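Input: a single structure, listed below in structure tokens.
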Amino acid sequence: MISFYPGPSRVYDEIPNYVKDAYKKGILSINHRSDDFMRISERTIRLLKEKLDIPKTYTIFYTTSATECWEMIAQSLITGKSYHLYNGAFGQKWFDYTKRLQSGAIGLPFDREKKIETVGDTTFEAGSVICITQNETSNGTQVDNRTIKKIKKNNPQCLVAVDATSSMAGVSLNFAAADIWFASVQKCFGLPAGLGVMVCSPAAMNKIESVGEKAHYNSLAFVAEMMQRWQTPMTPNVLGIYLLMRVMEKVKPIAEIHKKTVARYNQWIDFFHGSKPLSHLITNEAVHSHTVIPVKADPELMISLKAKAVKKGLLLGEGYGDLKSSTFRIANFPALKKIEIEKLQQVLKTFL
Ligand SMILES: *Cc1c(COP(=O)(O)O)cnc(C)c1O
């Protein structure tokens with residue numbers, strides 16, 4: 001079954017061979033304090049920076065998931081206020097998780113058909129953290145690099161944190177424009193679930209140190225200390241890190257991947273163009289995500305369409321949250337092959 005779910009999604013074809021290599025090389029039983037592990041970890045981080053175009057001065061941490069990143073930020077980086085600019089279910093969840101840990105969390109929902117330009121002009125309280133969901137997986141919208149840069153420029157005294165879970169490694173992100181970025185690997189990285197990455201600017205690292213929060217096993221102060229030796233406080237997902245290293249060795253630089261992702265997105269837009277029964281959920285193309293395509297359809301039509309796709313070995317993503325019965329989602333992730341997209345379009349064609 002080929003999964004077009006926007007995460008977990010299709011993994012790269014090479015993954016089974018990489019797992020076999022890991023077994024043969026003894027990596028499945030490796031000690032996480034050993035030199036062998038540190039070499040793998042260092043190389044993985046170096047490759048992430050090279051391939052994704054992350055500034056050398058930034059620090060990268062391993063986490064277990066994007067959800068863990070939400071909590072790590074709330075417990076170790078937010079000391080006063082946090083502003084949550086969101087237009088969908090994932091951004092709202094991040095806000096909800098933060099509220100449970102911090103009393104200063106403020107939700108600033110915005111219309112999913114609109115850019116956050118207007119909110120972007122706001123100046124927020126110094127020392128606070130501004131939280132943005134770059135790619136809202138639930139409704140297929142994104143916040144562009146320019147907007148993120150503008151928000152940071154207007155708020156140099158704040159840290160800007162960006163959830164890029166369903167876009168990192170699929171499109172070019174301007175890491176230099178924000179302070180904290182995170183993603184989990186079961187989306188655009190084309191890897192099995194169970195690993196996340198958090199990318200921190202020098203300013204974020206300074207704040208981690210000055211806050212010095214050490215009450216949790218995953219407190220960023222501990223995590224940062226351990227990462228000086230390419231390690232983690234707990235035994236990490238060593239296989240996941242190894243697979244990430246192998247995938248990062250293999251993938252093209254992000255600028256090339258970006259081009260391909262956008263070309264494929266444009267092709268999907270052309271495909272649905274002019275169809276009445278099937279249309280993109282979001283009318284305003286300027287806010288469309290390039291990696292997640294939400295399609296609005298009549299619930300009955302959707303049932304038969306999904307069933308037909310499954311018969312051909314293609315799994316479509318369900319709508320998310322409130323949009324469950326009125327939309328389905330198509331992942332536009334790099335690991336999906338042209339031939340698989342064509343196969344799916346063959347199925348969908350009869351419903352256009
Ligand atoms: C999938 C997703 C998450 C949650 O990821 P986990 O790895 O399950 O924690 C968070 N934010 C966004 C935008 C997502 O797409």
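Counting starts at 1 for both ligands and their atoms, following the listed order. Source: prediction; values computed, not measured.
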- Message: Within ligand 1, which atoms have a heavy atom of Trp70 less than 4.0 Å away?
- Response: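 Every atom of ligand 1 under 4.0 Å from some heavy atom of Trp70: 10 (C), 11 (N).
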- Item | ligand 1 atoms in contact with Asn135 (distance to a heavy atom under 4.0 Å) |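 Every atom of ligand 1 under 4.0 Å from some heavy atom of Asn135: 13 (C).
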- Dump the intermediate steps for side chain to side chain contact (heavy atoms under 4.5 Å, CB included) on Gln267 and Gln345, then the final yes or no. CA-CA 11 Å; Gln267 208 260 329; Gln345 292 186 343; 3.1 Å; yes
- Query: Are any of the side-chain heavy atoms of Thr64 and Asn218 separated by less than 4.5 Å?
  - Reply: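 Of all side-chain heavy-atom pairs linking Asn218 with Thr64, none is under 4.5 Å.
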To the nearest 0.1 Å, how far is [atom] from its closest protein heavy atom, and which atom is that?
atom                    : value
atom 8 (O) of ligand 1  : Gln186 NE2, 3.8 Å
atom 7 (O) of ligand 1  : Ser184 OG, 2.7 Å
atom 14 (C) of ligand 1 : Lys187 NZ, 3.0 Å
atom 13 (C) of ligand 1 : Thr137 OG1, 3.3 Å
atom 11 (N) of ligand 1 : Asp163 OD2, 2.7 Å

Enclosure of [X] [atom1] (heavy-atom neighbours >12, cutoff 6.0 Å):
X      : atom1 : result
Asp53  : CG    : no
Lys250 : NZ    : yes
Arg229 : CZ    : no

- Query: Under 3.5 Å between some N or O of ligand 1 and some N or O of Glu68?
  - Reply: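 No; every N/O pair is 3.5 Å or more apart.
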- Message: Please state which option from Gly194, Ser167, Ser138, Ala66 has its nearest heavy atom closest to atom 6 (P) of ligand 1.
- Response: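 The nearest heavy atom belongs to Ala66.
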- Please work out which of Thr64, Thr67, Val292 has its closest non-hydrogen atom nearest to atom 9 (O) of ligand 1.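 Nearest heavy atom to atom 9 (O) of ligand 1 lies in Thr67.
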- Centroid-to-centroid, Phe272 to Trp268, below 6.0 Å?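 Between Phe272 and Trp268, the centre distance is under 6.0 Å.
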- Query: What's the shortest heavy-atom distance between Ala178 and Ile148, and which atoms?
  - Reply: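 That would be CB-CG2, 4.0 Å.
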